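Inspection log for the structure reproduced underneath, given as structure tokens.
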There are 2 protein chains.
Amino acid sequence: MHQLLKKQILAGEFQEGDLLPSENELSAAHNITRATVRQALEELVKEKYIYKHKGRGSVVSSQRKTLGLLSFRGFSEVAEAAHLTVKTVVLQKPVLVSWEDDFFYPLSKAEKAAGCIFLERLRCADQDPVMLEYTYIPNIGLPDFLQHSLVHDSLFETLHVQYDIEIMNVEQDIRAIAAVAETARQLKLSEGSPVLHIYRRYGTSRKGFYLYSSLFCNTTQYALSNSFDS
Amino acid sequence: MHQLLKKQILAGEFQEGDLLPSENELSAAHNITRATVRQALEELVKEKYIYKHKGRGSVVSSQRKTLGLLSFRGFSEVAEAAHLTVKTVVLQKPVLVSWEDDFFYPLSKAEKAAGCIFLERLRCADQDPVMLEYTYIPNIGLPDFLQHSLVHDSLFETLHVQYDIEIMNVEQDIRAIAAVAETARQLKLSEGSPVLHIYRRYGTSRKGFYLYSSLFCNTTQYALSNSFDS
DNA sequence: GAGTGGTCTAGACCACCTG
DNA sequence: AGGTGGTCTAGACCACTCG
């Protein structure tokens, strides 16, 4: 029930900066305990949809879960907030391959045995290539993945819509390296230019199911932005 | 009360991987409602001290809030988990200066007027310099800060112990750049080597009070690690 | 089947903010 | 002073895990 309320609140079109109905009003309106309302609102806070102010009320966040350009969220999702023209070029459609011998993350036996769906994409902002991403997905529980094409060129959206898989968290290792010839070419940089290199592991709503990415970013124009708590 | 329980649970020395007493046991033991116990445990989950497993119990996290080397937490705090010898060299003790004209973050009027406490530190892992950090702190509500020296060379610990200020969150912009001569010298790299450059703003438990950092990382040896949710 | 965490109801008092 | 969110009590039923 508190999941429902959560979605209704934001689907119910509140403007940025609006004050939400108070917890008492919400509980009365939905015939629900205040504890339940609080639980729903707490979720919204955690996901940065709203802020709470003691004695004042709850305010709809001005930037709903914007995490900044090139953050861990899908590229298009994030970059739009900054009003950029964004394009994703699929350089290599998903194909089934075997895992590299020295894969950058330890894999479970099940993952190794299943083989690896590989794809390669280039992300551009305002026509300029800014991010080259190699993605590796264990071929587990994804029937017909190779037959479909990506929904809106978005991997996350495809997983969500077709397989009901949601991205829950990310671990990443970030380094600054000198671009090798091939990377430099793709990002339209000169060889040896400094680029960000990131290894990522995405945790999903399916227990034990992870996605892996290796990505290269040209940060001369746009920085990688994070924000996190605690 | 739930803050108290929170601390007692971990101060009460549970081993990594231990099962905590169940929520019912905890509530009985502390003469407290299960709702209150749950609130305390929820905090612990948020801070990655424990994991919960439905039907099984709550487990003490194997790596208590380890966020990886060079993560947003204080350097020493994080690096110790990786069993490295860690040293902080204070290159410039805290001094009061005026803000740079083109500061990397927009400042409030109050911040500008108060002036800026500046310090400069070099972090080393196993003798090798890995991170050069310039810190800028608005000189607001920090009496005698310049007179004391840092507690354990840790800025965060100093703020916590002396002024009861806790770090709550971080926003950061990350870029890969070529090291200029001075940076390269400090990090013992050759000029032009790729280094990570990060602008950070730390939010604190004091509303409206932020810390600012600009830092340069040599990532040839150690990567910057993150992990975050949602 | 017994125990666990997940969710919910129906109240209560408090500190805080704003008019 | 009145309303807000923060915290707490005292129950209840459920889905899940495990022996």
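Convention: sequence-line order gives letters A, B, ...; per-chain numbering from 1. Computed from a prediction, not measured in an experiment: that's the story for all the values here.
Counting heavy atoms from C-beta outward, Phe104(A) and Asp102(A) have side chains that stay 4.5 Å or more apart.
Checked against side chain to side chain contact (heavy atoms under 4.5 Å, CB included), His53(A) has the following partners two or more places apart in sequence or in another chain: Tyr51(A), Arg56(A), Val59(A), Lys207(B).
Computed from coordinates, the Gln39(B) CD to dG5(C) P distance equals 16 Å when rounded to whole Å. Atom CG of Leu41(B) and atom P of dC8(D) are 13 Å apart (whole Å). One interatomic measurement links the two molecules: CZ of Arg34(B) to P of dT7(D), which rounds to 19 Å at whole-angstrom precision. Per the geometry, CG belonging to Leu5(A) stands 10 Å off P belonging to dC8(C), to the nearest Å. If you take CD1 of Ile50(A) and C1' of dT4(D), they are 13 Å apart, rounded to a whole angstrom. Atom NE2 in His30(B) sits roughly 17 Å away from atom C1' in dT7(D) (whole-Å rounding). Atom CG of Leu44(B) and atom C1' of dG5(C) are 15 Å apart (whole Å). Per the geometry, CD belonging to Glu23(A) stands 9 Å off P belonging to dT4(D), to the nearest Å.
In this structure, Arg201(A) forms no cation-pi arrangement with Tyr212(A), as its terminal cationic atom is not both closer than 6.0 Å to the ring centre and no more than 45° off the ring axis.
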Evaluation steps, side chain to side chain contact (heavy atoms under 4.5 Å, CB included), between Glu133(A) and Glu120(A): CA-CA 6 Å; Glu133(A) 177 163 20; Glu120(A) 186 180 342; over 6 Å; no
Show your reasoning for whether side chain to side chain contact (heavy atoms under 4.5 Å, CB included) applies to Phe118(A) and Ile137(A). CA-CA 6 Å; Phe118(A) 173 77; Ile137(A) 313 168; over 6 Å; no
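If you check every strand for non-hydrogen atoms under 4.0 Å, Ser22(B) touches sugar and phosphate atoms only. Contacts of Ile32(A) with the nucleic acid, taken as non-hydrogen atoms under 4.0 Å apart, involve only primed sugar atoms and P, OP1 or OP2.
The side chain of Arg38(B) places no N or O atom within less than 4.0 Å of a non-bridging phosphate oxygen (OP1 or OP2) of dG5(C). Between Arg56(B) and dT4(C), a side-chain N or O to OP1/OP2 separation shorter than 4.0 Å is absent. Note on Ser58(B): every side-chain N or O is 4.0 Å or more away from OP1 and OP2 of dT4(C). OP1 or OP2 of dG6(D) has at least one side-chain nitrogen or oxygen of Lys52(A) nearer than 4.0 Å.
The rotation axes computed at either terminus of the helix from dG1(C)-dC18(D) to dT18(C)-dA1(D) lie 10° apart, taking five pairs at each end and rounding to 10 degrees.
Residues Asn24(B) and Asn31(A) both approach DNA chain C. Their nearest nucleotides, taken by heavy-atom distance, put Asn24(B) toward the 5′ side. Where Ala35(A) and Gly55(A) meet DNA chain D, the nucleotide closest to each residue was compared, and Gly55(A) sits on the side nearer the 5' end. Between Glu25(B) and Thr36(A), it is Glu25(B) whose nearest contact on DNA chain C lies nearer the 5' terminus.
Between the CG atom of Leu107(A) and the CD atom of Glu100(A) there is a distance of 10.0 Å, given to the nearest 0.5 Å.
A donor-acceptor pair shorter than 3.5 Å can be found between the side chains of Glu171(A) and Tyr105(A).
Among dC8(C), dT7(D), dC16(C), the nucleotide with an atom closest to any side-chain atom of Lys54(A) is dC16(C).
The aromatic rings of Tyr202(A) and Phe156(A) stand perpendicular to each other, their planes meeting at an angle above 60°, with 30° marking the opposite boundary.
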